There are 2 protein chains.
Amino acid sequence: MILSTKGRYGLKAAFELALNYGGGPVSLKTISSKYNISENYLEQLLAKLRKQGFIETVRGVNGGYMLARKPEEITVGMILRALEGEMTPSDCLSGDVCTRESVCATRVIFEQIEKGINNVIDNTYLGDMVRQNSKVMQEAKLL
Amino acid sequence: MILSTKGRYGLKAAFELALNYGGGPVSLKTISSKYNISENYLEQLLAKLRKQGFIETVRGVNGGYMLARKPEEITVGMILRALEGEMTPSDCLSGDVCTRESVCATRVIFEQIEKGINNVIDNTYLGDMVRQNSKVMQEAKLL
DNA sequence: AGTATACCCTAGTAAAATTGTCAACTATTC
DNA sequence: GAATAGTTGACAATTTTACTAGGGTATACT
């Protein structure tokens, strides 16, 4: 599995906040019970997103989490990288040693895989996900 | 890191065998010293590739490993999957539970990431890597 | 003021994955 | 039969993952 629960849970939570964008804070309990994720664990993931400026919090009664920016300004890649670290298939792309000589050919592959992934996650915004979702929900209603 | 050393080392070894395709077996020692990989560890990776029919072995003096098929018939994806298992970003794509309702939107992303990766690894053959490599080596010579 | 709610932060931890190592064994060649 | 080379299974160190536990702090409401 390429993504750990960090990325998967965190993206779900971020999406939930995007769904509720503009409607006040959403509590941890609400999210964790809706997606069936451990409350304390999710809290740690959301803390990471907060420290990196993607979400804001309101403490106290009726408090909770909310996106710090518009859903149209946050990409899936930003969320995943904040939680999982850089999405690179090989450290040989992180500019270390690379003895060249034949290794190069595998390096090219790693670069292409990386591009393939980035192409998706850097071009999809939380706002896109919300739109996509409402479309799916509408279609479901027609059945 | 998306790929563990299994996939990275294994792909390098497979590439080395592709380079030597048609020229008799290559010993474990040769590969492991060239790429600076633990001999015993690489052995386990090559065993996986052998059990899945991608490489063949010759025991005894002058023995070693060789591709079981032409480099033009083996994709990077075959090698990576043999070593790493299915390349999926989320188990929700492996047809388990998926409670629907909003989760769907994240599922769509996971599918797209998967497609992005597969598009690269299933369309690149070891033969392509060999050609790419000889091109790079030629250019290097000109300098 | 007091209490309940909800986020904040740190530490610990069991299980799994990763990344190997070791050693005895079998097959082949010279 | 000695040297080379792959085969196999057991084991082990380290790291990561996925949590759990629990005390602290801010806010709202009565």
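Note that this is a predicted model, so its numbers are computed, not measured. Order of the sequence lines fixes the chain letters, A, B, ..., with proteins taken first and strands second; residue numbering starts at 1 for each chain.
Using a distance-only test at 3.5 Å, with no hydrogens or angles considered, a donor-acceptor pair links the side chain of E84(A) to the main chain of S4(A). Within the 3.5 Å criterion, the main-chain N or O of I121(A) finds no donor-acceptor partner in the side chain of T124(A). In this structure a side-chain-to-backbone donor-acceptor pair under 3.5 Å is missing from R69(A) to I74(A). Within the 3.5 Å criterion, the main-chain N or O of S33(A) finds no donor-acceptor partner in the side chain of N36(A).
Atom CG of L83(B) and atom P of dT18(C) are 12 Å apart (whole Å). L45(A) places its CG atom 16 Å from the C1' atom of dT10(C), with the value rounded to the nearest Å. Nucleotide dA14(C) holds its C1' atom 14 Å from the OH atom of Y41(A), rounded to whole Å. In this structure, the CG atom of L3(A) is 17 Å from the P atom of dT16(D), given to the nearest Å. The CG-P distance, from L42(A) to dT17(D), rounds to 17 Å in whole Å. One atom, CZ of R8(B), and another, C1' of dT18(C), lie 11 Å apart when rounded to the nearest Å. Rounded to an integer number of Å, the gap from CG of L49(B) to C1' of dG6(D) is 15 Å. Rounded to whole angstrom, the span from the CD1 atom of I37(B) across to the P atom of dT21(C) amounts to 12 Å.
The existence of a salt bridge linking D122(A) and K115(A) is excluded, since no basic side-chain nitrogen approaches an acidic carboxylate oxygen closer than 4.0 Å. With salt bridges taken as basic N to acidic carboxylate O contacts below 4.0 Å, one links R107(B) and E111(B).
Distance from the side chain of T57(A) is smallest to dC8(C) among dC8(C), dC19(D), dT21(C).
The phosphate of dA18(D) (OP1 or OP2) has no side-chain N or O of K6(A) nearer than 4.0 angstrom. For dA18(D), one of the phosphate oxygens OP1 or OP2 lies less than 4.0 angstrom from a side-chain nitrogen or oxygen of S4(A). A sub-4.0 Å separation between OP1 or OP2 of dC19(D) and a side-chain N or O of S38(A) is absent. T5(B) has a side-chain polar atom (N or O) that falls below the 4.0 Å cut-off from OP1 or OP2 of dT19(C). Contact check, Y9(A) against dC19(D): a side-chain N or O comes under 4.0 Å of OP1 or OP2.
Screening residues 55-67 of chain A for salt bridge (Lys or Arg N to Asp or Glu O under 4.0 Å) gives no qualifying pairs among residues at least two apart or on separate chains.
Counting any heavy atom pair closer than 4.0 Å across all strands shown, L46(A) reaches no nucleic acid atom. Across all strands shown, K29(A) has no heavy atoms under 4.0 Å from either base or sugar-phosphate atoms.
Side-chain contact check for L19(A) versus N133(A): some heavy-atom pair is nearer than 4.5 Å. Looking only at side-chain heavy atoms (C-beta outward), L42(A) and Y35(A) stay at 4.5 Å or farther from each other.
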Atom pairs, protein N/O to nucleotides 23-28 of chain D N/O, distance under 3.5 Å:
unit_1  : atom_1 : unit_2 : atom_2 : d
dG24(D) : N2     : R59(A) : NH2    : 3.3
dT25(D) : O2     : R59(A) : NH2    : 2.7
dA26(D) : O4'    : R59(A) : NE     : 3.3

Pairs under 3.5 Å (N/O, protein and nucleotides 8-15 of chain D):
unit_1 : atom_1 : unit_2 : atom_2 : d
dT8(D) : OP2    : R50(B) : NH2    : 2.8

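With hydrophobic clusters built from ILVMFWY side chains whose heavy atoms lie under 4.5 angstrom apart, Y41(B) shares a cluster with L11(B).
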